[in-house]
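Contents: one structure, followed by commentary.
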Amino acid sequence: HKSGPILSMNSVEVLYNSVMLAIKGVSIEVPHGGMVALLGSNGAGKSTTLKAISGLLTAERGKVSRGEIRFDGNVIGDSLPQERVELGICHVIEGRRVFEHLTPDENLEAAAPMSLSRGRVASEKARIYDYFPRLGERKTSLAGYLSGGEQQMLAIGRALMTQPRLLMLDEPSLGLAPFLVAEIFEIIKRINRDHGLSVLLVEQNALAALDIVSHGYLIENGRVVMHDTAERLKANSDIQEFYLGGG
Ligand code: ATP
């Protein structure tokens, strides 16, 4: 399967509470080692798309009612979120959840799979602090006292501890100062380059997102209305008018 995309979604529909059709036949692909953005305004269906992939829909009385999702060529079906994490699918949900009463160090340790040896946990933590030096400087203070940007870095660090092959980030720029958004996005790009980690990024801040991804999908009202390279999306006049103002 290695030649195909790491993720493919084919005509997926999602229903909430058996009645609310939130996405209406979405098809997207993420190549192995690729970086792809899902763009669109509030309520367009971006978060729902990520939840369909990670399996977190079930917790919200949502279900995939049509279409199929493949990871590495295999249909994901009704597998549990935990089973998908074990396959290598990691979803950093909107709002950078961390354990506020634990230190960054403890947060990272708690996210490590049981199968990682103590030595590996230590080396993985070191690797994450290497990418996010700010986090390393604060590793023994409580996560609740970190700034919003540092908490977002920690949320991404926790995701990396799960040894993902596909990292899905929902609005990592939300509420952050522009210089921090640039810093975090640059680090994500570096991790992608260094490790071939595939990334699916949901963003309202289209300008920042299109700077680091190779391709983007524009979702409106539960449908993909545009799909192109980042270059061409940035040059598109509709995109410029509606989305490039920033999130
Ligand atoms: P946002 O950035 O605001 O989250 P989005 O593009 O991610 O926007 P979704 O959150 O996926 O959009 O929402 C898509 C549609 O599904 C919206 O109409 C929303 O109201 C609806 N929806 C989302 N979550 C639920 C839920 N748990 N139950 C019912 N409807 C929902």
Side-chain angles (χ1 to χ4, degrees), residues 7-30 35-69 76 78 80-81 84 89-98 148-149 151-152 155-156 159 166-178 180-181 184-185 188 199-213 215-228 230 233 236 238-239 241-247:
L7 178 87
S8 65
M9 226 176 163
N10 191 4
S11 305
V12 169
E13 275 183 7
V14 168
L15 269 178
Y16 284 112
N17 302 307
S18 312
V19 289
M20 158 74 203
L21 196 54
I23 61 172
K24 308 162 184 169
V26 166
S27 300
I28 59 171
E29 280 193 359
V30 179
M35 282 190 81
V36 171
L38 294 184
L39 311 172
S41 44
N42 260 324
K46 307 179 300 295
S47 301
T48 297
T49 301
L50 294 194
K51 287 173 193 164
I53 299 164
S54 64
L56 294 182
L57 272 182
T58 331
E60 298 189 27
R61 298 175 44 81
K63 75 185 270 275
V64 172
S65 49
R66 204 172 69 95
E68 72 180 14
I69 303 172
I76 290 177
D78 295 326
L80 297 169
R84 302 186 199 198
I89 299 174
C90 189
H91 181 179
V92 180
I93 59 176
E94 194 173 323
R96 45 179 173 270
R97 305 294 160 74
V98 297
Q151 288 187 12
Q152 183 60 265
I156 296 170
L166 173 68
L167 179 63
M168 302 194 291
L169 302 170
D170 197 344
E171 300 269 0
S173 78
L174 202 70
L176 302 186
L180 260 182
V181 175
I184 291 177
F185 278 24
I188 294 166
V199 177
L200 180 58
L201 176 64
V202 160
E203 263 302 333
Q204 282 192 55
N205 187 341
L207 194 54
L210 290 174
D211 268 344
I212 59 164
V213 300
H215 289 77
Y217 292 82
L218 179 61
I219 300 192
E220 277 314 321
N221 289 316
R223 289 195 170 86
V224 173
V225 295
M226 219 182 278
H227 167 221
D228 215 328
L233 288 173
N236 183 287
D238 287 342
I239 297 260
E241 185 172 348
F242 293 109
Y243 302 99
L244 289 186

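Every number for a ligand or one of its atoms is a count from 1 in the order of the listing. In what follows, residues are counted from 1 in the order of the sequence shown.
Residues Ile212 and Leu201 have side chains in contact (heavy-atom distance under 4.5 Å, counting atoms from C-beta outward).
Other residues, nucleotides and ligands contribute more than 12 heavy atoms inside 6.0 Å of the CG atom of Asn17.
Checked options Thr48, Thr49, Val202; the residue passing with Ile219 is Thr49 (criterion: side chain to side chain contact (heavy atoms under 4.5 Å, CB included)).
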From CA spacing to verdict: side chain to side chain contact (heavy atoms under 4.5 Å, CB included), Val36, Leu7: CA-CA 11 Å; Val36 171; Leu7 178 87; over 6 Å; no
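Protein residues having at least one heavy atom under 4.0 Å from any atom of ligand 1 are Tyr16, Asn17, Met20, Ala22, Ser41, Asn42, Gly43, Ala44, Gly45, Lys46, Ser47, Thr48, Glu60, Glu94, Glu171, Gln204, listed by chain and number.
Counting only distance, with no hydrogens or angles, the side chain of Gln152 and the backbone of Pro172 share a donor-acceptor pair below 3.5 Å. A side-chain donor-acceptor contact under 3.5 Å links Tyr217 to the backbone of Glu29.
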